[in-house]
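Side chains included, hydrogens not; waters and symmetry mates left out as well; all remaining heavy atoms used. Note that the structure is predicted; figures quoted are calculated from it, not measured.
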Amino acid sequence: MEWGDQSEEEPREPNQADGMGTLWSQEISPEERLPMEGSRPWAVARRVLTALLLLGLLLCSSVLLFYIFRNCGPSPCETSVCLDLRDHYLASGNTSVAPCTDFFSFACGRAKGTNNSFQELAKRNKNLLRRILEAQNSWHPGSGEEKAFQFYNSCMDTRAIEAAGAGPLRQVIEELGGWRISGNWTSLNFNRTLRLLMSQYGHFPFFRAYLGPHPAFPHTPVIQIDQPEFDVPLKQDQEQKIYAQIYREYLTYLSQLGTLLGGDPNKEMAPAIDWLSCLQATFTPMSLSPSQLLMVHDLEYLKNMSQLVEDLLLKDRDFLQSHMILGLVGTLSPALDSQFQEARRKLSQKLRELTEQPPMPARPQWMKCVEETGTFFQPTLAALFVREAFGPSTRSAAMELFTAIRDTLITRLRNLPWMNKETQNLAQDKVAQLRVEMGASEWTLKPEVAQEEYSDIQLGPSFLQSLLSCVRSLRARIIQSFLRPFPLHRWQVSPWEVNAYYSISDHVVVFPAGLLQPPFFHPGYPRAVNFGAAGSIMAHELLHIFYQLLLPGGCLGCDTHALQEALLCLERHYAAFPLPSGTSFNDSLTFLENAADAGGLAIALQAYNKRLLWHHGETVLPSLDFTPQQIFFRSYAQVGGRHLPPQLALCQMNALFLKLMELPSSDTPPPNTPDPLPQTSSLSSFLIPPYSLESPPR
């Protein structure tokens with residue numbers, strides 16, 4: 001035997017005649033009945049059993065791993081919010097188009113009309129405000145809620161507005177001295193009329209006056225004087241023939257107004273400004289003096305305007321007064337009956353036709369009333385909107401998303417090749433010290449503010465009088481807010497708006513509740529959706545902190561050559577896409593926005609991939625057959641176009657998609673590209689100005 005213990009007595013060979021042999025015929029122990037370990041048959045059997053055992057273990061492990069991975073992989077999200085999002089994607093996208101060939105058509109090819117996702121979301125937010133304002137509630141008498149609901153109902157009561165007719169407007173005109181085309185007219189002191197228009201009606205016919213930040217002390221308000229927003233297109237922008245037609249349309253409009261007001265239409269106007277008395281009346285209770293500091297944005301305009309006013313006061317005083325009242329009637333026309341609104345609509349339509357602009361879509365009465373109520377009762381509606389649309393769970397999920405984006409940005413800053421170590425540390429500290437505000441301003445949500453009584457607002461007897469009372473109340477509140485200490489940051493948007501922004505002076509980034517809504521964000525969405533849409537917006541706004549570093553000479557501690565190489569890489573990529581005539585991706589501000597778009601998307605994708613590594617339970621949208629990463633890019637398409645015309649949005653999204661996927665871009669435009677539209681805004685239109693105080697209501 002090769003191995004094993006040997007017994008003292010050699011085993012006897014079996015006798016063939018005995019068959020089984022005498023060894024097996026005798027009684028032996030069970031152990032003795034087993035084959036000897038050293039025998040060859042047992043060794044083979046053991047190997048076979050071992051192989052079978054290993055094979056069984058391998059099979060069981062494979063089955064177990066299959067079930068584990070199947071259960072841990074992305075599962076379809078079957079909730080109502082996910083099903084709604086899936087339907088939205090199917091309705092707006094064209095999945096028959098290859099995304100790497102034409103990502104814009106793939107994501108937005110079936111979208112109807114000119115509205116983008118931001119405009120659609122803004123409309124949904126207004127619909128929510130409408131539902132809030134039309135709900136049956138009992139409020140404390142005299143409270144902000146009660147007055148907001150009364151004002152909205154008064155605005156919606158078109159029967160009462162039609163019944164009042166031109167009466168409320170004639171009363172206003174008579175208080176201002178009358179209007180020649182309305183019949184009764186008394187030539188009043190020009191400055192008195194101008195003072196009343198500015199202080200009592202919020203109308204600025206020759207210039208704008210508002211509180212804005214002091215250039216050296218951003219939190220110190222100073223009165224600002226600027227050009228008005230001209231209703232008539234400037235002559236140098238139009239051909240002579242078209243300009244004459246524009247004035248004929250205005251004469252037609254004046255004739256209609258004269259008829260509606262019961263007079264004989266005959267166009268007139270007049271100005272020469274007593275600045276101290278006009279501004280004192282407008283900004284009461286501020287105490288002004290002849291040495292009051294003012295900021296004038298266009299001194300040349302004011303000089304020329306003043307000279308024209310002086311000439312007209314001598315030659316045609318009535319013309320100036322007529323001009324002032326005409327502008328006021330235009331401002332107040334939305335609060336008047338349908339005849340005034342129709343006259344204004346016809347004028348607007350003719351002007352847009354003459355200047356080759358697309359027609360303005362009609363807005364329903366409820367939307368106008370929601371917007372007006374939101375303007376005058378913002379603190380009250382803010383609390384109601386946030387309670388309805390941005391509860392604690394939504395806010396917590398949004399803050400978690402922001403934290404992931406911010407942490408990824410800090411990690412990315414540590415590895416930028418064009419920053420030296422000191423600059424990287426300073427950049428990381430700046431991000432770490434950033435404040436973030438979400439949903440609504442804390443000041444707005446304080447109970448004492450939300451319950452503000454608006455004691456100075458007198459509603460009725462007509463809607464026009466209610467509107468004018470609200471205009472005066474709002475102006476007084478704005479001025480009072482600048483005369484008392486204010487919290488750390490003064491919000492520039494309402495909570496239901498869809499614009500995020502970064503404030504340079506306060507070093508705070510703001511994401512209103514209205515933006516963090518479907519289809520951009522929802523706690524129940526797959527993470528890919530939230531990171532692709534809301535996450536990329538957050539990263540974009542964070543990159544605004546570093547705009548200065550990308551400008552020439554803006555980063556003294558940077559490797560200029562490496563930075564320029566990175567910027568040229570992005571510039572060359574955008575240059576590969578043809579643009580409509582007269583548009584460019586490479587002017588300074590637009591290019592900064594391009595860099596924020598590309599960088600923001602890359603940061604959001606990196607943050608999402610990191611989240612996938614450390615967190616389980618990702619879901620996907622049912623019936624779309626998209627991987628989580630594909631859903632990420634499909635979600636980004638919701639925000640990639642922003643307010644751009646279709647072809648500019650196409651270039652923007654194609655460039656970013658191909659850049660991040662490292663695919664070659666084409667030198668020719670994708671097939672079936674929409675016709676280029678006139679550029680109405682640039683990529684910078686999504687950037688809110690760094691800091692501005694409220695200007696007067698219009």
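Ring orientation note: the planes of F206 and F190 are tilted relative to one another, at an angle of 30° to 60°.
Side-chain atoms of R345 and Q341 form no donor-acceptor pair, as typed in the model, at a separation below 3.5 Å. Checked by atom type, the side-chain pair Y454/T380 shows a donor-acceptor distance below 3.5 Å. S494 and E497 are linked by a side-chain donor-acceptor pair at a separation below 3.5 angstrom, with hydrogens and angles left out of the test. Side chain to side chain, W491 and E437 meet the donor-acceptor criterion of an N or O pair below 3.5 Å.
Side-chain atoms of S469 come within 3.5 Å of backbone N or O of Q458 as a donor-acceptor pair. With hydrogens and angles disregarded, no donor-acceptor distance shorter than 3.5 Å links the side chain of K126 to the backbone of V370. Listed for the D506 side chain is no donor-acceptor partner under 3.5 Å among the backbone atoms of H489. Of the possible donor and acceptor atoms, none in the side chain of Q638 sits under 3.5 Å from a partner among the backbone N and O of P519. Although no hydrogens or angles enter the test, the distance criterion places no donor-acceptor pair under 3.5 Å between the side chain of S306 and the main chain of K303. With hydrogens and angles disregarded, a donor-acceptor distance shorter than 3.5 Å links the side chain of Q517 to the backbone of A513. Judged by distance alone, the side chain of D157 and the main-chain N or O of N153 form no donor-acceptor pair under 3.5 Å.
Of all heavy-atom pairs spanning S333 and R344, the tightest one is OG-CG, 3.7 Å. The two atoms that bring V386 and A440 nearest to each other are CG2-CB, 3.6 Å, heavy atoms only. Of all the heavy atoms in L459 and Q150, the pair that sits closest is CD1-OE1, 3.4 Å. In terms of heavy atoms, L384 sits closest to W139 at CD2-CH2, 4.1 Å. Minimum interatomic distance between R208 and Q227 (heavy atoms only, all atoms of both residues): NE-O, 3.3 Å. Heavy-atom minimum distance, G144 versus F377: O-CD2, 4.0 Å.
Checked against salt bridge (charged side-chain N to carboxylate O under 4.0 Å, His left out), E353 has no partners two or more places apart in sequence or in another chain.
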What's the verdict on side-chain contact (heavy atoms from CB on, under 4.5 Å) for K123 and M367, showing C-alpha distance, side-chain angles and the deciding distance?
CA-CA 8 Å; K123 185 175 180 179; M367 187 175 290; 3.9 Å; yes

Is there a side-chain contact (heavy atoms from CB on, under 4.5 Å) between E175 and L196? Walk through the geometry before answering.
CA-CA 9 Å; E175 291 174 0; L196 286 172; over 6 Å; no

Output, in order, the C-alpha distance, side-chain angles, deciding distance and verdict of side-chain contact (heavy atoms from CB on, under 4.5 Å) for L468 and Y201.
CA-CA 6 Å; L468 292 174; Y201 300 100; 3.5 Å; yes

Would you please test R352 and S348 for side chain to side chain donor-acceptor pair (under 3.5 Å) and show each step?
CA-CA 6 Å; R352 296 184 73 86; S348 176; 5.4 Å; no

Between E162 and R159, is the salt bridge (Lys or Arg N to Asp or Glu O under 4.0 Å) condition met? List the steps.
CA-CA 5 Å; E162 293 294 326; R159 182 178 298 178; over 6 Å; no

Worked check of side-chain contact (heavy atoms from CB on, under 4.5 Å) between L515 and V493:
CA-CA 11 Å; L515 180 67; V493 296; over 6 Å; no

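Counting only heavy atoms from C-beta outward, the side chains of F385 and N125 approach each other to under 4.5 Å. Using a 4.5 Å heavy-atom cutoff, the side chains of S117 and V639 are not in contact. Annotation: side chain of F521 is not in contact with side chain of I537 (no heavy-atom distance under 4.5 Å). Side-chain contact between R475 and I478 is absent, with no heavy-atom pair separated by less than 4.5 Å. Proximity of I325 to I173: side-chain heavy atoms (C-beta onward) are separated by under 4.5 Å at one or more points. Put simply, the side chain of N137 does not reach to within 4.5 Å of the side chain of E145, judged on heavy atoms. With a 4.5 Å cut-off on side-chain heavy atoms, F376 and V471 count as touching. Residues D337 and L260 have side chains not in contact (no heavy-atom distance under 4.5 Å, counting atoms from C-beta outward).
Residue pairs satisfying the disulfide bond (SG atoms under 2.5 Å apart) criterion with at least one member in residues 296-372, sequence neighbours excluded, are listed as follows: C155-C369.
Enclosure of atom CD in Q357 by more than 12 non-hydrogen atoms of other residues, nucleotides or ligands within 6.0 angstrom is indicated.
For the atom pair OH (Y210) and CD1 (I223), the distance works out to 12.0 Å, reported to the nearest 0.5 Å. Atom CD of Q200 is separated from atom OG1 of T282 by 9.0 Å, given to the nearest 0.5 angstrom. One finds the CZ atom of R131 at 7.5 Å from the CD atom of E388 (value rounded to the nearest 0.5 Å). Going from atom CG of L194 over to atom CE of M324 covers 6.0 Å, rounded to the nearest 0.5 Å. Taken to the nearest 0.5 Å, the CZ atom of F340 stands 6.5 Å off from the CG atom of L257. Note: L351 CG to K346 NZ = 14.0 Å, rounded to the nearest 0.5 Å.
With salt bridges taken as basic N to acidic carboxylate O contacts below 4.0 Å, none links E371 and K368.
A centroid separation of 6.0 Å or more is found between the aromatic rings of Y501 and F511. F520 and F118 have their aromatic ring centers within a separation under 6.0 angstrom.
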